Protein chains: 2
Amino acid sequence: MDIFLKTIGSINDETRLKILHFIDVNGEVCVCDIEKSFEMIQSRISRHLKILKDAGFLKVDRRGRWAYYSIRKPLDQFRQSILKEISCLDMNIPLLNKSCKVG
Amino acid sequence: MDIFLKTIGSINDETRLKILHFIDVNGEVCVCDIEKSFEMIQSRISRHLKILKDAGFLKVDRRGRWAYYSIRKPLDQFRQSILKEISCLDMNIPLLNKSCKVG
DNA sequence: TTTATATATCAAGATATATTGATATATTGT
DNA sequence: ACAATATATCAATATATCTTGATATATAAA
């Protein structure tokens, strides 16, 4: 029940829905990609990513000074059905803006 | 998006999860059945039922002085998958206590 | 028509969640 | 070692949601 509520709570927010869909569409991205694309401050993005990760939707892979987030795989049936439903929403997500300072 | 968030918001609450599952298990029940079974005050139950109804999970049928709530049918695939997931949770719901004053 | 039961809704206070700005830590380049 | 970039987390504030108690409406029985 607690895990279910954590999962549901994680998608009960417009910003997180957009971030989740953004990652679903663009694949692996780092925090500053999202920060730049969404034009939101870093602490806000970081916090939402943590919530989505703790809810089982995302995994993080640290390489160098970057943290790369992507959809966790394999994803169970229920979370898959949620991602599918989200992908059907008419949601306005920004274009990927890759502008980390060093390649 | 707004409808999705309303749907998700409606199940982002322990009390509503239990009420929803209770109705799924017991079938059509009236507000005071739930009130008595859950030992919660009427205004609280009534409010949660309205949220679940507005989110598309429940329908209400008024007969006499009673309002009978049940799972809305047919239910779309997404809401069905949510109900299925909820039914798998190890959730503690009370026994049905039918004690409306007049039959 | 008076009374009791069933339900819905509102306002106030309590609780939870989101946003911001500041700060801390880690990595890399100079 | 120092500076810059990337990320995480904390504290304060803002915003949203939940609970309660009071009140309003409707139906039915006496």
Side-chain angles (χ1 to χ4, degrees), chain A residues 1-2 4-20 22-23 28-55 58-70 96-103, chain B residues 1-2 4-20 22-23 28-55 58-70 96-103:
Chain A
M1 166 101 120
D2 291 344
F4 181 87
L5 279 171
K6 184 182 274 192
T7 304
I8 293 305
S10 78
I11 52 168
N12 190 34
D13 178 275
E14 184 169 336
T15 303
R16 283 196 293 274
L17 282 183
K18 287 184 177 175
I19 291 175
L20 188 53
F22 182 84
I23 295 174
E28 191 185 63
V29 289
C30 65
V31 180
C32 58
D33 288 341
I34 305 177
E35 187 188 342
K36 300 300 186 316
S37 303
F38 280 80
E39 297 179 293
M40 288 179 186
I41 64 175
Q42 184 270 324
S43 67
R44 183 175 172 185
I45 300 294
S46 185
R47 179 177 184 274
H48 286 312
L49 287 169
K50 178 177 167 52
I51 290 170
L52 287 167
K53 176 170 69 68
D54 291 349
L58 300 180
K59 71 178 175 70
V60 60
D61 186 21
R62 271 164 230 288
R63 298 198 296 273
R65 76 184 88 163
W66 291 277
Y68 292 94
Y69 283 85
S70 56
L96 175 56
N97 178 355
K98 278 213 157 291
S99 50
C100 310
K101 286 301 161 59
V102 183
Chain B
M1 168 101 119
D2 290 344
F4 181 86
L5 279 172
K6 184 181 276 193
T7 304
I8 294 304
S10 77
I11 52 168
N12 190 34
D13 178 275
E14 185 169 335
T15 303
R16 282 196 293 274
L17 282 183
K18 288 184 178 176
I19 291 175
L20 188 53
F22 181 84
I23 295 174
E28 191 185 65
V29 288
C30 65
V31 181
C32 59
D33 288 341
I34 306 177
E35 186 189 342
K36 299 301 187 315
S37 303
F38 280 80
E39 296 179 294
M40 288 178 185
I41 64 175
Q42 183 270 323
S43 67
R44 182 175 174 186
I45 300 295
S46 186
R47 180 177 182 274
H48 286 312
L49 287 169
K50 177 178 168 52
I51 291 170
L52 287 167
K53 176 170 69 69
D54 291 348
L58 300 181
K59 71 178 175 68
V60 60
D61 185 21
R62 271 164 230 289
R63 299 200 295 274
R65 77 184 87 163
W66 291 276
Y68 292 93
Y69 284 85
S70 56
L96 175 57
N97 177 355
K98 278 210 159 291
S99 50
C100 309
K101 287 300 162 57
V102 184

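As the structure is a computational prediction, the values presented were derived from the model and not from experiment. Lettering of chains follows the sequences in order, A, B, ..., and the numbering in each one begins at 1.
No side-chain heavy atom of B:N97 sits less than 4.5 Å from a side-chain heavy atom of B:D33.
A:R63 comes within 4.0 angstrom of nothing in the nucleic acid, heavy atoms only. Across all strands shown, A:R47 has heavy atoms under 4.0 Å from base atoms, whether or not it also approaches the sugar-phosphate.
Shortest non-hydrogen contact noted between B:Y69 and B:L58 is CD2-CD1, 4.2 Å. Annotation for A:E35 and A:M40: closest pair CG-O, 3.1 Å, computed over non-hydrogen atoms. Between A:D13 and B:L5, the shortest heavy-atom contact is N-CD2, 3.6 Å.
Taking CG of B:D2 as the reference point, atom OG1 of B:T7 lies at 10.5 Å (rounded to 0.5 Å).
Comparing A:K50 and A:N12 by the nucleotide of DNA chain D whose heavy atom lies nearest to each, the residue mapping closer to the 5' end is A:K50.
Of all nucleotides listed (C:dT7, D:dA8, D:dC18), C:dT7 comes nearest to the side chain of B:A67. Closest to the side chain of A:R65, out of C:dT7, C:dT19, D:dA6, is D:dA6. With C:dA18, C:dG29, D:dA29 as the choices, the nucleotide that has an atom nearest any side-chain atom of A:I51 turns out to be C:dA18. Residue B:V31 places its side chain closer to C:dA8 than to any other of D:dA8, C:dA6, C:dA8.
Between A:I19 atom CD1 and C:dA18 atom P the separation is 11 Å, expressed in whole Å. Spacing between atom CD of B:E39 and atom P of D:dT20 amounts to 13 Å, rounded to whole angstrom units. Straight-line distance from the CD1 atom of A:I45 to the P atom of D:dT9: 15 Å, rounded to whole Å. Rounded to an integer number of Å, the gap from B:L52 CG to D:dC18 P is 10 Å. C:dT19 atom P lies 15 Å from atom CD of A:E35, rounded to whole Å. Put simply, CD1 on B:I34 is 14 Å from P on C:dA6, counting in whole angstrom units. Counting to the nearest Å, the P atom of D:dT17 and the CD1 atom of B:I11 are 15 Å from each other. In this structure, CG of B:L5 is placed 13 Å from P of D:dA16, rounded to the nearest angstrom.
Contact check, A:H48 against C:dT19: a side-chain N or O comes under 4.0 Å of OP1 or OP2. Between A:R62 and D:dA8, a side-chain N or O to OP1/OP2 separation shorter than 4.0 Å is present. The phosphate of D:dC18 has OP1 or OP2 within less than 4.0 Å of a side-chain N or O from B:R16. Look at A:Y69 and you'll find a side-chain N or O under 4.0 angstrom from OP1 or OP2 of D:dA8.
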Can you name the atoms? Protein N/O to nucleotides 21-25 of chain D N/O, anything below 3.5 Å, with the distance.
{"unit_1": "D:dG21", "atom_1": "O6", "unit_2": "B:S43", "atom_2": "OG", "d": "3.1"}

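Under the salt bridge (Lys or Arg N to Asp or Glu O under 4.0 Å) criterion, B:R62 pairs with no residue at all, not counting sequence neighbours.
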Distance-only donor-acceptor hits, side chain of residues 44-53 of chain A, under 3.5 Å, sequence neighbours excluded:
{"unit_1": "A:R44", "atom_1": "NH2", "unit_2": "A:T15", "atom_2": "OG1", "d": "3.3"}
{"unit_1": "A:H48", "atom_1": "ND1", "unit_2": "A:R16", "atom_2": "NH1", "d": "3.0"}
{"unit_1": "A:K50", "atom_1": "NZ", "unit_2": "A:D54", "atom_2": "OD2", "d": "3.2"}

Walk me through whether A:D61 and A:R63 qualify under salt bridge (Lys or Arg N to Asp or Glu O under 4.0 Å).
CA-CA 6 Å; A:D61 186 21; A:R63 298 198 296 273; 2.7 Å; yes

